[in-house]
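Residues: numbered from 1 along the sequence shown.
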Amino acid sequence: MSHLKKIAAVGLTLTTMVSMFPMTVMAATKNGWVQNSSGKWSYYEDGEKVKYDSREDYTDGKCYVFSSAGYRYTKKGLYTSSYIYTRYGDKVKFKQSYYIQDDGSVLEYSWKKISGKWYYFGFRGKMYKSTTEYKYDEKTGTGKYYLLGNDGAMITKKGWNKVTHKEYSRWSVDLYKETRYYYVLSDGSVARDCVKKIKGKYYAFDYEGLMVQNSGYSVNGKKKYLYGSDGSRITKKGWIKLTVTSTHKGANYSYTSKSKQWFYVNKDGTVATGWNKISGKWYYFDSYSGKMYRSTEISWIDEGKTYIFNSDGVCINH
């Protein structure tokens with residue numbers, strides 16, 4: 001019986017300790033898919049319902065969108081949310097559209113013709129807007145890039161087209177906005193990865209068809225030229241100063257920033273890149289854009305050495 005007394009004693013001791021030091025039971029934070037008693041599905045991140053946004057269900061490999069109440073929305077057709085809530089509870093006005101299929105999931109990485117217009121739905125079913133996207137033609141076995149407008153509809157109007165690109169960051173509650181220019185060809189696709197002469201001026205377009213601005217650009221490894229704020233090639237030799245403007249809008253703030261960037265155009269019309277000695281002083285220009293480095297330190301040019309550049313861009317320890 002002695003062992004029973006020992007057990008009883010241990011139990012008494014534990015009971016006494018619990019009474020002396022109350023234990024707080026922490027509820028597990030909800031994460032992932034949760035179905036309520038009414039059969040409705042929600043998705044939780046760090047204990048909060050995802051609203052107005054979409055998430056993938058790994059059990060069936062499909063993606064679903066959520067309503068303002070945080071429940072899976074499955075009505076077929078085009079669905080547009082009015083707001084997106086960040087995980088920190090901040091609310092930012094930002095419309096996002098999806099296309100819901102017969103099975104209630106959203107259409108992903110596919111083109112869809114709606115009311116006679118073409119739209120593209122990409123990652124997690126989000127409708128792409130103010131950008132370009134590749135479209136493959138099964139009949140011809142080839143594909144081309146097409147421009148999507150501010151409303152997401154394909155633009156096939158020949159000539160210059162301007163769109164307003166908006167990029168939303170969930171983590172910083174920041175909305176970045178910029179105006180972008182594209183040139184649509186006679187077949188409806190965009191000019192891309194090329195230099196095109198338009199009304200006597202040369203313009204460069206990157207791999208996705210975006211007009212190059214405030215940067216140097218080279219096509220197929222050929223000579224790199226500088227393109228200004230209006231997109232046209234700069235032919236003036238020597239130092240060139242360009243002003244880059246960007247707009248940011250957050251939950252409680254809005255501002256426009258302007259930064260001055262310096263470039264150097266060589267005698268042959270190309271833009272300087274890498275190390276260049278100008279008027280007896282050493283400068284370093286970005287190998288891609290041609291932008292001069294200044295008020296900074298760079299350690300990746302030569303292993304084991306850090307180069308220091310003053311506010312004028314002059315390397316003081318070359």
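- Residues Val265 and Lys236 fail the side-chain proximity criterion, which asks for heavy atoms closer than 4.5 Å.
- Counting heavy atoms from C-beta on, the side chains of Asp286 and Thr273 never come closer than 4.5 Å.
- Remark: the backbone N or O of Tyr288 is paired with a side-chain donor or acceptor of Lys224 at under 3.5 angstrom.
- Rounded to the nearest 0.5 Å, atoms OG1 (Thr131) and NE2 (His165) are 6.5 Å apart.
- Side chain to side chain, Ser215 and Ser289 fail the donor-acceptor criterion of an N or O pair below 3.5 Å.
- A distance-only check finds a donor-acceptor pair linking the side chain of Asn317 to the backbone of Thr306 [under 3.5 Å].
- Pairing each heavy atom of Gly274 with each of Asn276, the nearest pair is O-ND2, 3.3 Å.
- Panel note: side chain Glu108, backbone Arg124; a donor-acceptor pair is recorded below 3.5 Å.
- Cation-pi geometry between Arg233 and Tyr202 is satisfied (NZ or CZ under 6.0 Å from the ring centre, within 45° of the ring normal).
- When all heavy atoms are compared, the tightest approach of Ala204 to Tyr217 is CB-CD2, 3.8 Å.
- In summary, Asp103 and Lys62 engage in a salt bridge, as defined by a charged side-chain N under 4.0 Å from a carboxylate O.
- Note that CG of Asn150 and NZ of Lys162 are 9.5 Å apart. Values are rounded to the nearest 0.5 Å.
- We find that Lys144 and Asp137 are not joined by a salt bridge, their nearest charged nitrogen and carboxylate oxygen being 4.0 Å or further apart.
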Q: Give the C-alpha distance, both sets of side-chain angles, the deciding distance and a yes or no for side-chain contact (heavy atoms from CB on, under 4.5 Å) between Val50 and Glu45.
A: CA-CA 7 Å; Val50 171; Glu45 287 181 347; 3.9 Å; yes
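- Within the 3.5 Å criterion, the main-chain N or O of Val314 finds no donor-acceptor partner in the side chain of Asp312.
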Q: Starting from the C-alpha separation in whole Å, work towards a yes-or-no answer on side-chain contact (heavy atoms from CB on, under 4.5 Å) for Ser67 and Tyr79.
A: CA-CA 10 Å; Ser67 67; Tyr79 171 73; 4.3 Å; yes
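- Closest non-hydrogen pair, Phe121 versus Leu78, comes out as CZ-CD1, 4.0 Å.
- Ring geometry for Trp239 versus Phe285: interplanar angle of 30 to 60°, hence tilted.
- Considering only heavy atoms from C-beta on, Trp160 comes within 4.5 Å of Ile198 through its side chain.
- The cationic atom of Arg294 (NZ for Lys, CZ for Arg) does not lie both less than 6.0 Å from the six-membered ring centre of Phe309 and within 45° of the ring axis.
- No side-chain donor-acceptor contact under 3.5 Å links Asp302 to the backbone of Lys305.
- Cluster annotation: Met292 is not connected to Tyr284 through the hydrophobic network of ILVMFWY side chains, with a link wherever side-chain heavy atoms come within less than 4.5 Å.
- In the hydrophobic clustering of this structure, Trp275 groups with Ile298; members are Ile, Leu, Val, Met, Phe, Trp, Tyr whose side-chain heavy atoms approach within less than 4.5 Å, directly or through other members.
- A donor-acceptor pair shorter than 3.5 Å can be found between the side chains of Asn214 and Ser229.
- In this structure, Trp118 contributes its side chain and Leu148 its backbone to no donor-acceptor pair below 3.5 Å.
- By the 4.5 Å heavy-atom criterion applied to side chains, Tyr283 and Cys315 are not counted as neighbours.
- Considering all non-hydrogen atoms of both residues, Phe205 and Ala191 come closest at CB-O, 3.5 Å.
- When atom types are taken as modelled, the side chain of Asp206 and the backbone of Gly209 share a donor-acceptor pair closer than 3.5 angstrom.
- No more than 12 heavy-atom neighbours from other residues, nucleotides or ligands sit within 6.0 angstrom of CD on Glu138.
- Here the NZ atom belonging to Lys49 is positioned 8.0 Å from the NZ atom belonging to Lys30, to the nearest 0.5 angstrom.
- In the displayed structure, Tyr134 atom OH is contacted under 6.0 Å by more than 12 heavy atoms of other residues, nucleotides or ligands.
- You'll find the side chain of Trp111 reaches within 4.5 Å of the side chain of Glu133, heavy atoms only.
- Two residues are said to be in side-chain contact when any heavy atoms from C-beta on lie closer than 4.5 Å; Lys201 and Tyr203 meet this criterion.
- Hydrophobic cluster membership is shared by Tyr146 and Tyr109, with clusters built from Ile, Leu, Val, Met, Phe, Trp and Tyr side chains linked at under 4.5 angstrom.
- Between the OH atom in Tyr183 and the SG atom in Cys194 there is a gap of 10.5 Å [rounded to 0.5 Å].
- In terms of modelled atom types and a separation under 3.5 Å, the side chain of Asp151 and the main chain of Ala153 share a donor-acceptor contact.
- A donor-acceptor contact closer than 3.5 angstrom is absent between the side chains of Tyr145 and Lys135.
- Linking ILVMFWY side-chain heavy atoms closer than 4.5 Å, directly or via other members, places Tyr136 and Leu185 in two distinct hydrophobic clusters.
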Q: Please report the C-alpha distance between Tyr71 and Tyr73 in whole Å, then the side-chain angles of each, then the deciding distance to 0.1 Å, and finally whether the side-chain contact (heavy atoms from CB on, under 4.5 Å) criterion is met.
A: CA-CA 6 Å; Tyr71 296 114; Tyr73 188 89; over 6 Å; no
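- Summarising the geometry, atom OH belonging to Tyr64 is positioned 12.5 Å from atom OG belonging to Ser54; distances are rounded to the nearest 0.5 Å.
- Across all non-hydrogen atoms, the minimal contact from Asp230 to Ser232 is OD1-OG, 2.8 Å.
- Heavy-atom contacts from other residues, nucleotides or ligands closer than 6.0 Å to OH of Tyr293 number more than 12.
- Looking only at side-chain heavy atoms (C-beta outward), Met127 and Tyr99 stay at 4.5 Å or farther from each other.
- Counting all heavy atoms, side chain and backbone alike, Asn31 lies closest to Asp46 at OD1-N, 2.8 Å.
- At least one donor-acceptor pair closer than 3.5 Å links the side chain of Ser42 to the backbone N or O of Gly70.
- A salt bridge does not link Lys51 to Asp53: none of the charged side-chain nitrogens sits closer than 4.0 Å to a carboxylate oxygen.
- Sparse packing is recorded around NZ of Lys291, with 12 or fewer heavy atoms of other residues, nucleotides or ligands lying under 6.0 Å away.
- Here Arg55 contributes atom CZ and Tyr44 contributes atom OH; the two are 14.0 Å apart, rounded to the nearest 0.5 Å.
- Side-chain contact check for Lys237 versus Asn266: every heavy-atom pair is 4.5 Å or farther apart.
- In this structure, Lys112 contributes its side chain and Ser110 its backbone to no donor-acceptor pair below 3.5 Å.
- Under the 4.5 Å side-chain heavy-atom criterion for ILVMFWY residues, a single connected hydrophobic cluster contains both Val163 and Leu210.
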Q: Give the intermediate values and the outcome of side-chain contact (heavy atoms from CB on, under 4.5 Å) for residues Ile301 and Tyr307.
A: CA-CA 8 Å; Ile301 299 176; Tyr307 293 99; 4.2 Å; yes
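- Between Asp102 and Lys76 there is a salt bridge, since at least one side-chain N of the basic residue sits less than 4.0 Å from a carboxylate O of the acidic one.
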